[in-house]
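Note sheet for the following structure.
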Amino acid sequence: MTDPSTRTNPLGVHALVWVGGTGPDDVRTAVEKTKAAGYDLLELSLHDAVNLDTAAARAALEEADLAVACSRGLAFDADVSSTDAATVERGEKLLHDSLAITDELGGKHFTGALYSALGKYGAPLTDQGRANVVRVLGDLAAEAATRDMTLGLEICNRYETNVINTAADALRLADDIGADNVTIHLDTYHMNIEEDSLDAPVRLVGDRLGYVHIGENHRGYLGQGHIDFDGFFAALAEIGYTGPITFESFSSAVVSPTLSNDLAIWRNLWDDGMDLATHARRFMAERLPGRPS
Ligand code: MN
């Protein structure tokens, strides 16, 4: 267990708290506001990466002295958990392109639902689909290792994937992929739906935890819902987790043309991203021993 006084989890915020797109103006705004709200890291979704100017984004991040992490899910027509070879191939290409973008931005973590579309599946995962996930992510992990990067398997709820819904599922998948740089990514929003508690999965994952999303059960203001954040943060301290902790929140006030629909963001839970983000940063810091709030 790490001495609490030396734990320095980078605190991150998802760009959708600020802006819906990843065009040059949006990225500049996201970087400025992330810095102003006191965060260390900006998470960019690569769903709309066609508009992303990676060189300009990297320069803005470096100027602000911010770390970056990238996330994404796949799509039903580009899905490595499919049994259709062409669909798997399109998903594989998206993953390799997104890994390269993350690297070009200076990011060390590429995470998310890297194993399937983000959406409701109408049937369980097939054995062939799972074998495709294992093969593709094994190759992606090897590519990531040459770039000194880690992959995160973000565990999502049953309405957003049929591949991994619990920490136990994710550990089995990571074991089958069998690469040291494949880490587990826990998200309190998804855990609230699928797990028995908010603390036991953290202990189960232990030193294989590589990335964390903090989200309320309705994905709005932290503390307004019913998630046991005290139990979750206590378990993080217990396992000595020192990796990124990123606040994720979505409202119909800030919309991505693709990701917001994939995540079923139909409600307005907030309008003022700065008030939301500064509140969230304080909320998280108060639960991290030694971290100034
Ligand atoms: Mn998440």
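In this chain, residues are counted from 1 in sequence order. Any value given below was found using the heavy atoms of this structure, including those in side chains, with hydrogens, waters and symmetry copies removed. First listed ligand is number 1; within each ligand, the first listed atom is number 1.
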Task: the Mn ion (ligand 1) - closest N/O/S atom in His213 - done: ND1
- [ ] Considering non-hydrogen atoms only, spot the tightest contact between Gly12 and Met284 and give its length.
- [x] O-CE, 4.2 Å
TODO: Check each of Phe283, Phe247, Tyr221 against Phe229 using the ring-ring contact (aromatic ring centres under 6.0 Å, His included) test, and report the only one that passes.
DONE: Phe283
Open item on the list: Please give the atom name: the N, O or S atom of Glu154 nearest to the Mn ion (ligand 1).
Closed with: OE2
Open item on the list: Please report the interatomic distance CZ(Arg267) to NE2(His218), rounded to the nearest 0.5 Å.
Closed with: 6.5 Å
Open item on the list: Within rounding of 10°, what is the angle whose vertex is the Mn ion (ligand 1) and whose arms end at OD2 of Asp187 and OE1 of Glu248?
Closed with: 90°
- [ ] Answer yes if the side chains of Tyr211 and Thr246 hold a donor-acceptor pair under 3.5 Å, and no otherwise.
- [x] yes
- [ ] Confirm or rule out an N/O/S atom of His185, from backbone or side chain, lying less than 2.8 Å from the Mn ion (ligand 1).
- [x] no
